[in-house]
Amino acid sequence: MTTMLGVSLAGRDVLMVGGGPVTARRLPRFLADGARVRIVAPELAPETRALVEAHGLVWSARRFRRADLAGAWLVHTATGDLRVDVAVAAAAERRRVLCVNASDGAHGSARLTAQTTSGDVIVGVVSDAGVDPRRSASVRDAIALLFAGGALPLRRRRSGAPGRVDLVGGGPGPVDLLTVRARRLIAEADVIVADRLGPAAELLAELPADVLRIDVGKEPGSHPVPQEEINELLIAHARAGKRVVRLKGGDPFVFGRGGEEVLACVAAGIPVDVVPGTSSAISVPQAAGIPVTHRGTAMAFHVVNGQAEVTPATLAALADDAVTTVILMGVRALPRIAEAARRAGVAEDRPVAIVENGHTPSQRTTHTTLGRAADEARAVGVCNPAVIVVGDVARAGFLLPAPAWIGEATR
Ligand code: SAH
C-alpha cells in the first residue's frame, strides 16, 4: 500500500544524488515548492548545471557518502547506476529519511506523483504496485483535460475562506472559445453575475443548482441593473466569502466597464482579478472572414463605441485607407456615423461589412459601402448585436474569392 501525502517541501532540505537529466527534470518541481536542494554527483549534465547555476544550488562534485543524508527531509536518487541508487535508498531507510529512487524497476520509500493543478487543487497519480510512469502521466493528462473542460466540481465547500471577484471575459459566444482559465473559475464560482451576451446562457444552464446566477442582462439602450448596483452586488457577495465570477461578453476591458468594477472592488478592499476574453472587436469580423489588420492593406485598427459622439480621431480613421474602423454598439448610430463621415469628406465607396450575431448559427454579414450603409442596414433589417467594419478589409471576398464560405464554420 502507498499513502499519498501532500507534503510541503518549502524551506526543507532535499538531497538529490546524481546530476543527470532525471535530476534536471525533477529539480524544478522541488524548487517550485521552495525546497532547499543540494546535489551530490561527480558530474553534472548540461541541463542540471544550468539549473544549479541559475538557482545558486549547492553541488558537491563527488560520489555519495552516508554523511550527505544529515539534515535531509527527502532524498532523490537518480545516478543511472542501479547499485548506487539501491545503496542510497538503503542508507536513507536506516536514517529514516524518505527516498525517491528513480532507477528503472526500483523504487524507494517515496514516489513522485504525476500531478496536475487547477487553481489551488492538486491531483497526483502514482501506481501502488509496479512502477509505470507513462500510465500515471496519461491518467494525469486525462484529469488535466477534465479540469480544462470545466467538468470537475471545483467549488469550495468549506465556508470561511475569503471571497473574491474575477472579471471573466467570455468571448463572443461559443463555449469552446472561452479560455481554460475562464472555465476553471466558472467551475469554482459560488456566484455568477452574467451579461446577456456571450456564452452565458449555455454555460449557466449546465451549472449545479446551488450556484447563484444573477442576470444583469445588459443590452444597448437598456441597462436593467445599473452599474453601481452591479458593483455593489459583486462586493456584497465577495464580502460574504463567496467566489464571484463576473462573466462578461468578449473582453472585460473592451467597452465592458470592467475597469470600473475593478476600481470598485479595490476601493472596497476585495481581491479582484481579470481574465481576458476574445473581444468581438476582433473575433466577430474574423468570423466573417475579415482580418482587422492585413499586411499592405490595413496597418492599424480603430475600435469605437457607436453610441458615443463621432470624434475627429474616428473621422480620421474612417478617412484613412490604411486603417480599419471597428464599430461596436453601432447599429442604431450607423446613419449618424455615416452622415458625419460624409460631411467630413470620407469617400462614400469605403467598404463596410455589418456582421450580426458573430460566431452563432444566425450569423449574417451584409457587405455595403459607407454611402449606402444606412439604407441597406434598414432594408435588410440589421439587428443587435452587430459589429460594423469599415475599410478595405471589409470588401466582400477580400480573403477568399467567393464569400459563400463565410459563417459556415459556425453552422
Ligand atoms: N466587451 C465586449 C463588447 C461589449 S459591447 C467585447 O469585447 O466583445 C457589446 C457590443 O459588442 C455589441 O453591441 C456588439 O457590437 C458587439 N458584439 C458582442 N458580441 C457580438 C456578437 N456575437 N456578434 C456581433 N456583435 C457582437
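All of these numbers come straight from a predicted model, not from anything done at the bench. Counting starts at 1 for both ligands and their atoms, following the listed order.
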How does [X] reach ligand 1, if at all, at less than 4.0 Å between non-hydrogen atoms: by side chain, backbone, both, or neither?
X    : value
P252 : neither
V387 : both
V355 : backbone

For this session: Could you tell me if any non-hydrogen atom of N357 lies under 4.0 Å from any atom of ligand 1?
Result: yes
Exercise. Are any of the heavy atoms in G173 under 4.0 Å away from ligand 1?
Worked result: no
Is any N or O atom of [X], backbone or side chain, closer than 3.5 Å to an N or O atom of ligand 1?
X    : result
S280 : yes
G256 : no
L328 : no
M329 : yes

For this session: Just grab all the side-chain hydrogen bond (donor to acceptor under 3.5 Å, both in side chains) pairs involving residues 337-349, residues at least two apart or on different chains.
Result: E339-R342, E339-R343
Would you call [X]-[Y] a salt bridge at under 4.0 Å N-O?
X    : Y    : result
D210 : R155 : yes
R372 : D375 : no
R184 : E188 : yes

Problem set entry | Closest non-hydrogen atom pair between A189 and V245, with its separation | CB-CG2, 3.7 Å
Exercise. Any idea which heavy atoms bring I235 and A264 closest together, and the distance?
Worked result: CD1-O, 3.5 Å
Can you list the ligand 1 atoms lying under 4.0 Å from a non-hydrogen atom of [X]?
X    : result
G249 : 1 (N), 2 (C), 6 (C)
D251 : 1 (N), 6 (C), 7 (O)
F255 : 4 (C), 5 (S)
S279 : 6 (C), 7 (O), 8 (O)
P172 : 22 (N)
A386 : 14 (C), 15 (O), 24 (C), 25 (N)

Problem set entry | Flag, side chain of R183 to backbone of G149, donor-acceptor distance under 3.5 Å | yes
For this session: Kindly indicate whether the side chain of E261, heavy atoms from C-beta on, has any atom under 4.5 Å from the side chain of Q227.
Result: yes
Problem set entry | Reported CH2-to-CZ distance for the pair W73 and R36, which is rounded to 0.5 angstrom | 10.5 Å
Problem set entry | Residue from N305, V284, I388, V254 passing side chain to side chain contact (heavy atoms under 4.5 Å, CB included) with L328 | V254
